[in-house]
Amino acid sequence: MKSTIDLSVLNEPQRHAVEHLKGPTLVLAGAGSGKTRVLTHKIAYLVSRGIKPWRILAVTFTNRAAREMAGRVEKLLNIPVQSLWIGTFHSICVRILRREAERWGLSRNFTIYDRDDQLAIVKKALKEMGGQQDNLTPGHLLHIIGKAKSDFVSPDEFDSFLSGPNKRLITDIYLRYEKLLKAAVAFDFDDLLARPVDMFTKHPDTLKEWQKRFSHILVDEYQDTNHTQYLLMKMLSGGSGNVTVVGDDDQSIYSWRGANVRNILEFETDFTKAATFRLEQNYRSTGIILKAANAVVAHNENRFVKKLWTERSHGAPVKILECLDDRDEAARVVDSVEQEMKEHVYSPKDFIVLYRTNAQSRSFEDVLRRRGIKYMIVGGVRFYQRKEIKDILAYLKIIVNPDDTVSFTRAVSVPKRGIGAKTIEKLEKFASEKGISIVEAAARVEEVISSGAILKKLKKFSEILQSISEMRGKTGLDEIGHALVEKTRYKDYLIEEYPDTFEDRTNNVNELITAMGEFENITEEDDLSSFLGEISLMTDVDMWDEDEGCVTLMTLHSAKGLEFPSVYIAGVEKGLFPLPKSFDSDAELEEERRLFYVGMTRAEERLHISYAENRMRFGGFSSGGASMFVNELPDDGLEFEEINTTYKLSNTLKNQPVRRPMEFEDYSQEGPDYGDAPFEIGAFVRHPVFGRGRVAGYSGSGDKLTLTIHFGTQTKKIRAKFGKLVPA
């Protein structure tokens, strides 16, 4: 069949990657090089060549990217493609688990536990094992368990996965955690990936059926896949061998989630007959921005050698803002935003402020709020993580899965019914003994307890659940939501418990009901199961609306795949970015550098990098100064805005408590001993050995005049007479 897809819009490497349909394919796609265009055109090209849409599996990193990809493919083909399998690894695995549940001896009505639910289970396991220990917090234990699952370490292998004095205890907690999940008919996020791989291993006949189903598999953001995702991809592509992976090793930033950059670096070794295509032409950023980004990431050793280029050779210089402290940084960044809105006809939605840690957002929020500029934080409390939303969802979850003990415990407690932990423990024990769900145990409460008041309240609770369950499949999801809120008198509870925030919380509940009404189920699952499954996999970026007309505040990790005309990367300073712990590992330091590279390459027109000499952290001021990453930038194409000399170190700042000694000394010294100093404090100089640095202070005088200079991560004291220093 002759292709009807117009490939003339693609450059030569893009077109070759699209037209290569047989065997393993590696597409090394640099930032802004059109990888989404390649993926969507390849899917459309396959369909136009006669491949049935349902035989194509395309895996993306976020739900947002999946929706965008599906929309583009439909536009290219001019036909609906609902049968396409496009989604994240997690959402694809949920579909597989629901379809194969009965054959694999699982329940289709499983609950997906979020982090809060998982922590509740870990705490319960810890309590059963003798309580929390100083070095074994629930969060730490959850991290260990998640790491094991992302590396596809089975429960039988878990003991050998560990080391240290608490090895036996951690193993026991993990095994108990797994039993509690199984009893609740629940999976955690890592299970969604690990369980299909495990089941495909145990049921090779089922695997063969899925291998026959998919003739072509495409994986986006391959550099951020973990070992379990790698195994799943290799299993499913084992039939046809037609697997296309797209990614950029320079943008691998999720090792802390279990991602393994070796998956992409070793693809050509793993798939010996792989065809490789390099996308190096950038369509997003100016030449100056790309030159700066290329120079920084080139310091990494473990990478494919590549160099992004663009036809947009010119552009505004990269601005470096040297700030006094975090408050000064926020004020100067917002000053710059306001100036650019006037000079370049930008709107607030054209700007993003990126930072390494969530805590950095506060100072920017304060300034933006005072200036009356609308902003949105991506990475705060997500809508579906708000208390009032989780309360309502708890009811819906136990309607779908009556074995979900965590959701039952939450639902039975709101509104308050005077039902405590001891009563719930009795119900759980009764349910276990009788082999029934905890919801059924509540309905048979008279067999468990004799207290008239508690018995009456649990009976009423059970009646509410029963009446809502009877609506399932017979009416719209929004009607179920309305009935649930009304029967539980949940809004009365909000008025009583949260009078100051009642209106906002009520609006959130109403918004949830609206979302339920708008939900369109495109799977074979019932509406309620499908709705709960979809929202459980929502991420911060999935909820973000780029058309809100707000300045966006976001961590660097959340910014993958986004682009803005003007980008500000804040806090690029010593002690913060890169994080100090990264200096203990070359791999971690390289990932921090890749994270900086990702932030830089989000910028289309203008890039700004700021750092503070002092930052309020942990209740006191700590000194900073330019990060090593700032010193890795090329000299040309930069524009420095230094601290105003009249505002170098205020008396207020001098008197603030510091958490640790300043890394520079005598920052604001003046007097006759320094009258002959060759450079002002704050001036940038270049040394023949140490490179570019900033003068931070003086000591001595005459021939013994010594300059304290910051060179990236190191501070040197250099005799002015012999230092061979020149202005930089």
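- Asp114 and Tyr384 form no side-chain donor-acceptor contact under 3.5 Å, judged by distance and modelled atom types alone.
- Thr552 has its side chain out of reach of Val353: every pair of non-hydrogen atoms, C-beta onward, lies at least 4.5 Å apart.
- Not one N or O on the side chain of Asp220 forms a donor-acceptor pair closer than 3.5 Å with the backbone of Thr36.
- Using modelled atom types, no side-chain atom of Ser530 and backbone atom of Asp527 make a donor-acceptor pair closer than 3.5 Å.
- Within the 4.5 Å cutoff, the side chain of Lys560 has heavy atoms near those of the Gln251 side chain.
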Just distance, no hydrogens or angles: give the donor-acceptor pairs under 3.5 Å from side chains in residues 14-21, sequence neighbours left out.
{"from": "Gln14", "atom 1": "OE1", "to": "Asn11", "atom 2": "N", "distance (Å)": "2.9"}
{"from": "Gln14", "atom 1": "NE2", "to": "Ser33", "atom 2": "O", "distance (Å)": "2.9"}
{"from": "His16", "atom 1": "NE2", "to": "Glu12", "atom 2": "OE2", "distance (Å)": "3.4"}
{"from": "His20", "atom 1": "NE2", "to": "Lys22", "atom 2": "O", "distance (Å)": "3.0"}

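- Ion pair Asp250/Arg303 flagged as a salt bridge, since at least one NZ, NE, NH1 or NH2 atom sits closer than 4.0 Å to an Asp/Glu carboxylate oxygen.
- Under a 4.0 Å N-O distance rule, the pair Arg594/Glu591 qualifies as a salt bridge.
- Note that OG1 of Thr310 and NZ of Lys291 are 14.5 Å apart. Values are rounded to the nearest 0.5 Å.
- Atom CZ of Arg312 sits about 6.0 Å away from atom OG1 of Thr286, to the nearest 0.5 Å.
- Among all heavy-atom pairs drawn from Ala44 and Leu77, the shortest one is O-CD2, 3.6 Å.
- At distances below 3.5 Å, not a single donor-acceptor pair connects side-chain atoms of Arg284 with backbone N or O atoms of Ala31.
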Verdict with supporting geometry, Leu192 and Leu537, side-chain contact (heavy atoms from CB on, under 4.5 Å): CA-CA 11 Å; Leu192 298 179; Leu537 302 177; 3.8 Å; yes

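- Here the side chains of His203 and Glu100 are not in contact, with every heavy-atom distance at 4.5 Å or above.
- With 3.5 Å as the limit, one finds a donor-acceptor pair spanning the side chains of Ser154 and Glu157.
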Determine, step by step, whether Phe152 and His227 satisfy the ring pair (Phe, Tyr, Trp, His ring centres under 6.0 Å) criterion, reporting the C-alpha distance in whole Å, the side-chain angles of both residues, the deciding distance to 0.1 Å, and the verdict. CA-CA 7 Å; Phe152 197 64; His227 185 61; 7.4 Å; no

Evaluate Thr60 against Phe89 for side-chain contact (heavy atoms from CB on, under 4.5 Å), listing each step before the verdict. CA-CA 7 Å; Thr60 64; Phe89 269 105; over 6 Å; no

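- A salt bridge is defined here as a Lys NZ or Arg NE, NH1 or NH2 lying under 4.0 Å from an Asp or Glu carboxylate O, and Arg593 with Glu588 fails to meet this definition.
- Using modelled atom types and a 3.5 Å distance limit, the side chains of Asn263 and Thr225 yield a donor-acceptor pair.
- Here the OG atom belonging to Ser558 is positioned 8.5 Å from the CD1 atom belonging to Ile352, to the nearest 0.5 angstrom.
- In terms of heavy-atom proximity, Ile288 sits nearest to Pro317 at CG2-CA, 4.1 Å.
- A salt bridge links Asp117 with Lys397: at least one charged nitrogen is closer than 4.0 Å to a carboxylate oxygen.
- Counting only N and O atoms by type, the side chains of Ser582 and Glu592 include no donor and acceptor under 3.5 Å apart.
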Residue pair Thr88, Asn63: steps toward the side-chain contact (heavy atoms from CB on, under 4.5 Å) verdict: CA-CA 6 Å; Thr88 64; Asn63 294 300; 3.8 Å; yes

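- Salt-bridge annotation for Lys147 and Asp190: absent, with no side-chain N of the basic residue lying under 4.0 Å from a carboxylate O of the acidic one.
- If you check the side chains of Ser107 and Asn109, you find no donor sitting under 3.5 Å from an acceptor.
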Worked verdict on Tyr254 versus Asn226 for side-chain hydrogen bond (donor to acceptor under 3.5 Å, both in side chains): CA-CA 9 Å; Tyr254 290 104; Asn226 61 36; over 6 Å; no

Working for ring pair (Phe, Tyr, Trp, His ring centres under 6.0 Å), residues Phe351 and Tyr346: CA-CA 8 Å; Phe351 298 90; Tyr346 285 163; 5.5 Å; yes

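- When only modelled atom types and interatomic distance are considered, Lys149 and Thr228 share no side-chain donor-acceptor pair under 3.5 Å.
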Between Lys307 and Glu280, does a salt bridge (Lys or Arg N to Asp or Glu O under 4.0 Å) hold up when you go through it step by step? CA-CA 6 Å; Lys307 190 171 184 179; Glu280 296 175 306; over 6 Å; no

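- At a threshold of 4.0 Å, the pair Glu68-Arg72 counts as salt-bridged, since one of the basic side-chain nitrogens sits closer than that to a carboxylate oxygen.
- No donor-acceptor pair under 3.5 Å is formed between the side chain of His344 and the backbone N or O of Glu340.
- Using modelled atom types, one side-chain atom of Ser237 and one backbone atom of Met233 make a donor-acceptor pair closer than 3.5 Å.
- The closest donor-acceptor contact from the side chain of Gln223 to the backbone of Asp248 lies under 3.5 Å.
- Under the 6.0 Å distance and 45° angle rule, Arg98 counts as a cation-pi partner of Phe110.
- The closest donor-acceptor contact from the side chain of Asp188 to the backbone of Gln118 lies at 3.5 Å or more, if one exists at all.
- Contact between Leu84 and Pro53 at its shortest, heavy atoms only, is CD2-O, 3.3 Å.
- Residues Arg195 and Leu97 meet the side-chain proximity criterion, which asks for heavy atoms closer than 4.5 Å.
- We find the CG-OG1 distance between Asn282 and Thr601 to be 8.0 Å, quoted to the nearest 0.5 Å.
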Would you check, one step at a time, whether the test ring pair (Phe, Tyr, Trp, His ring centres under 6.0 Å) holds for Phe629 with Tyr597? CA-CA 10 Å; Phe629 295 157; Tyr597 173 82; over 10 Å; no

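- Because its NZ or CZ atom is not both nearer than 6.0 Å to the ring centre of Phe200 and within 45° of the ring axis, Lys208 does not count as a cation-pi partner of that residue.
- Counting all heavy atoms, side chain and backbone alike, His41 lies closest to Ile5 at CD2-CG2, 4.1 Å.
- With sequence neighbours excluded, no residue forms a salt bridge (Lys or Arg N to Asp or Glu O under 4.0 Å) with Asp350.
- Between Leu76 and Tyr45, the closest side-chain pair of non-hydrogen atoms is not below 4.5 Å.
- Side chain of Thr272 to main chain of Thr269: no donor-acceptor pair is present (N/O by atom type, distance under 3.5 Å, no hydrogens or angles).
- Remark: side-chain polar atoms of Ser240 are paired, donor with acceptor, to backbone N or O of Asn242 under 3.5 angstrom.
- The two atoms that bring Ser215 and Ile51 nearest to each other are OG-CG2, 3.5 Å, heavy atoms only.
- Here the side chain of Arg55 pairs a donor or acceptor atom with the backbone of Arg213 at under 3.5 angstrom.
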Give the intermediate values and the outcome of side-chain contact (heavy atoms from CB on, under 4.5 Å) for residues Phe267 and Thr276. CA-CA 10 Å; Phe267 185 86; Thr276 301; 6.0 Å; no

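- Phe61 has its side chain out of reach of Tyr222: every pair of non-hydrogen atoms, C-beta onward, lies at least 4.5 Å apart.
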Apply side-chain hydrogen bond (donor to acceptor under 3.5 Å, both in side chains) to the pair His143 and Trp256, showing each step before the final yes or no. CA-CA 9 Å; His143 174 75; Trp256 50 279; over 6 Å; no

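- With contacts defined as side-chain heavy-atom distances shorter than 4.5 Å, the pair Leu562/Met554 qualifies.
- Side-chain atoms of Leu477 and Phe531, non-hydrogen and from C-beta on, do get closer than 4.5 Å to each other.
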